[in-house]
Amino acid sequence: MPAYSEEQILAGCRDKKRAYQEQLYCNYYSLFLKICARYARNMLDAEQLLNDGFLKIFNSIDQYKNAGSFEGWMKKIIVNTCLDYLRLVGQKEEMSMSEKSVPAEESNVSVSNYCIENMEFKEMVRLIQSISPVSRTVFNLYVFEGYNHKEISEQLNISIGTSQWHLHYARTFLQEKIKKSEHKIKSYETRRI
Amino acid sequence: MRPEEFDELIRAKFDQNEFDFNPDNWKKLQFRLDFQPSRRSVAIWWFPLLGMAAVLAAVSVGFATYLKNAVPARRNVAPITAVRRKSTNETTNKAAMHILTAKQSEESLKVIAEHKGNNVNAVNDSIIVVEKDGFIGINRDNALKNFELQKKNEKTRDKPEVIDLAGNSEMVKAQRRKKIITDEGRDKEIAEYRSQTNLKKSTSTIDILGGVNCASRNCASGFTIGTSGKIMISKRVFLEGDLAFAGSSNTQQTASLSENGFSGLFTTSVAARTTDASAQATPSALPYSIKTGNQAFNMYYAQFTPKLGYNLTHRISVGFGPDFQQALQDNRPEAAVLAKYNYLVTPLFDFGFVGKTEFSLTSKVRAAFYYRKGFNNFINPMDKFIDRDYFQVQMKYAVFNHLKSRQ
């Protein structure tokens with residue numbers, strides 16, 4: 001596949017040319033699939049979300065007026081697609097959540113850097129996907145997209161306190177899961193020795 | 001470990017790792033790009049043309065009807081009567097001075113020529129003056145009949161009598177309602193006649209309305225019931241507002257994807273898809289298959305339509321204005337949010353414009369042809385709404401009609 005510049009890709013995509021669309025898809029496949037994988041409940045849904053997001057990008061690429069980063073514009077569409085997905089999944093699971101109070105202190109589960117760094121990437125993705133939808137989304141928005149709790153509360157139509165609770169819950173959940181996997185790794189290594 | 005440190009480690013984990021490109025995912029997307037519905041379907045472009053043609057036809061029919069029923073020109077209007085005084089039992093010159101405004105036919109000219117000796121004269125092309133005897137006619141048969149009747153009355157002279165009049169104009173009909181007209185009552189008769197025949201115009205009206213919507217797509221056919229208020233702001237320009245309850249029958253197509261395990265439902269408009277048949281017949285070699293099915297549902301809207309109108313004639317008016325419709329309940333089938341921006345959905349708040357042509361059938365009953373064009377997709381850049389474009393045939397009945405004389 002020939003390498004095109006971003007301007008060429010943009011122009012080609014505006015003309016609905018498949019080769020340029022494919023190039024754009026290839027270039028951003030991994031980056032955007034990582035985003036989708038964090039929001040989805042499994043990789044099949046993540047791939048579906050990725051394609052939904054790219055479909056929106058291709059259909060509305062004429063609306064990109066070269067103002068700001070093209071990657072940022074696409075990323076926003078992908079994240080919005082993921083948030084729409086949450087509203088679908090979350091509605092069924094826990095959108096009717098009541099006000100939740102934040103614990104006085106953050107949990108302090110001891111997780112080693114070593115364990116996180118040596119954990120399989122796919123295992124890490126799987127752990128994030130196992131968090132409940134709303135908590136997962138709050139965690140993603142806060143940690144990866146850089147939203148604050150006020151912005152999250154407006155985006156998800158929840159209170160700031162509820163947002164804080166979900167972030168706390170997601171962190172605790174992940175840390176506990178990582179801790180468990182740490183024990184498994186240690187016991188496996190002990191057996192090997 | 002502090003929460004910030006934990007977050008940083010998780011972020012780093014994602015930054016340092018990549019997913020391998022999977023060509024199958026591109027094939028799936030390519031398939032969807034190839035089979036996605038065309039936003040500009042064939043059905044759309046001719047719809048406005050059809051609307052304009054229908055409005056033009058309606059205006060033509062209305063104008064022709066108006067011309068057919070038009071009252072003759074009203075120059076020198078006066079009751080056409082011959083009055084005989086009771087006291088003298090004679091037909092006075094004054095009473096016999098009557099003017100009929102009518103187009104002078106060839107036949108009437110012949111009548112005038114034949115009865116020249118009876119003081120029948122033509123003043124000009126359109127006015128016949130009967131100077132003495134109460135005889136007048138605008139066609140031969142009626143004129144002769146009236147002449148004979150007058151002769152007969154001259155013999156009996158027992159009671160005052162209005163000599164019959166020929167013609168079918170409004171003023172003749174009005175005249176016939178009074179069998180006896182005395183000389184003293186003549187002025188009153190004239191005034192009464194004028195009040196009857198001078199058409200009045202309404203300055204404000206309140207109507208009840210009912211209409212039927214018809215759309216080329218299965219998204220807006222339905223009905224409208226409500227009320228309408230109208231007020232004249234000048235001789236020809238008026239403001240009008242409709243407040244109505246509208247129901248529309250919608251049909252959307254649901255499609256489910258299978259094979260890749262994703263269980264989302266996709267909802268799209270039937271009308272918005274031009275490749276339905278091909279989509280249903282997905283070849284098995286493609287990455288996944290689509291199962292489609294129609295789902296019908298009703299939407300109910302509260303409608304407010306302010307309009308600025310113009311009276312072309314006293315029977316025909318045109319109007320134009322914005323149309324606001326708010327769904328009273330969200331009855332839409334549950335659509336996959338994933339597909340929210342890819343497929344068209346029925347709007348909950350629907351903004352559009354209406355144009356109408358209205359005909360006064362009677363003083364209380366009016367018929368109107370509306371064309372409504374949805375405007376949501378111009379406002380919303382994501383172009384995700386079904387355009388609720390439709391024709392409407394509407395009948396209005398005036399429950400309150402404040403009339404004012406033209407004079």
Side-chain angles (χ1 to χ4, degrees), chain A residues 16 18 21-22 25-26 29-31 33-35 37-38 42-52 54-56 58-60 63 77 80-81 83-89 91 106-113 116-117 119-122 124-125 128 139 142-144 167-168 171 174-175 178, chain B residues 1-39 256-267 287-288 334-345 380-384:
Chain A
K16 313 282 182 199
R18 286 283 179 275
Q21 289 177 332
E22 186 177 0
Y25 187 81
C26 288
Y29 179 85
S30 179
L31 178 66
L33 186 57
K34 279 193 284 185
I35 295 174
R38 294 197 310 258
N42 55 51
M43 284 310 293
L44 286 173
D45 281 8
E47 288 171 353
Q48 183 70 46
L49 278 171
L50 178 76
N51 281 3
D52 282 330
F54 265 108
L55 199 62
K56 287 181 203 171
F58 292 142
N59 285 337
S60 55
Q63 292 166 28
I77 292 181
N80 283 337
T81 306
L83 292 177
D84 286 342
Y85 166 83
L86 166 87
R87 289 187 190 107
L88 176 71
V89 177
Q91 266 175 357
E106 289 281 350
S107 78
N108 204 7
V109 180
S110 173
V111 181
S112 66
N113 293 12
I116 295 175
E117 284 163 4
M119 183 181 266
E120 284 280 323
F121 175 57
K122 286 183 180 173
M124 174 66 78
V125 170
I128 290 177
F139 180 77
Y142 188 90
V143 174
F144 291 96
L167 179 65
H168 167 77
R171 274 186 188 138
L174 271 180
Q175 286 169 349
I178 292 167
Chain B
M1 183 184 288
R2 289 173 56 232
E4 292 75 20
E5 291 173 26
F6 177 75
D7 294 348
E8 187 55 46
L9 282 171
I10 300 289
R11 265 196 299 269
K13 190 77 184 172
F14 272 82
D15 289 342
Q16 290 159 9
N17 290 277
E18 301 290 336
F19 282 109
D20 295 331
F21 179 71
N22 183 353
D24 285 346
N25 284 337
W26 167 248
K27 283 181 188 170
K28 288 176 186 174
L29 180 60
Q30 200 173 11
F31 168 79
R32 288 175 67 181
L33 285 167
D34 291 339
F35 283 84
Q36 72 175 331
S38 165
R39 293 288 168 87
S256 59
L257 299 181
S258 59
E259 195 169 319
N260 66 354
F262 184 74
S263 57
L265 271 179
F266 291 78
T267 305
Y288 53 80
E334 190 177 349
V337 184
L338 290 176
K340 192 175 172 184
Y341 296 107
N342 304 333
Y343 300 100
L344 303 179
V345 296
N380 190 307
M382 296 308 284
D383 194 33
K384 63 179 181 178

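- With respect to chain B, the highest number of heavy-atom pairs below 4.5 Å among A/Glu47, A/Lys16, A/Arg18 belongs to A/Arg18.
- B/Asp15 touches chain A through its backbone: at least one of N, CA, C or O sits under 4.5 Å from a heavy atom, while the side chain does not.
- Annotation: the span from B/Ile10 atom CD1 to A/Met124 atom CE amounts to 3.5 Å, rounded to 0.5 Å.
- The aromatic rings of B/Phe21 and A/Tyr29 stand perpendicular to each other, their planes meeting at an angle above 60°, with 30° marking the opposite boundary.
- Other residues, nucleotides and ligands contribute more than 12 heavy atoms inside 6.0 Å of the CD atom of B/Glu5.
- Between B/Phe19 and A/Leu31, the closest side-chain pair of non-hydrogen atoms is not below 4.5 Å.
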Given B/Arg32 and A/Phe58, is the side chain to side chain contact (heavy atoms under 4.5 Å, CB included) satisfied, shown in steps? CA-CA 11 Å; B/Arg32 288 175 67 181; A/Phe58 292 142; over 6 Å; no
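- Considering all non-hydrogen atoms of both residues, A/Arg38 and B/Phe14 come closest at CG-CE2, 3.3 Å.
- With sequence neighbours excluded, the residues satisfying side-chain contact (heavy atoms from CB on, under 4.5 Å) with B/Asp7 are A/Phe139, A/Tyr142, A/Val143, A/Arg171, B/Arg11.
- Using a 4.5 Å cut-off between heavy atoms, A/Ile128 touches chain B through its side chain atoms alone.
- With hydrogens and angles disregarded, a donor-acceptor distance shorter than 3.5 Å links the side chain of A/Asn51 to the backbone of B/Asn25.
- To the nearest 0.5 Å, atom CG of residue B/Leu33 and atom CG of residue A/Asn59 are 7.0 Å apart.
- B/Glu18 pairs by the side-chain contact (heavy atoms from CB on, under 4.5 Å) definition with A/Ser30, A/Lys34, not counting sequence neighbours.
- With B/Lys13 contributing its side chain and A/Met119 its backbone, the two residues share a donor-acceptor pair below 3.5 Å.
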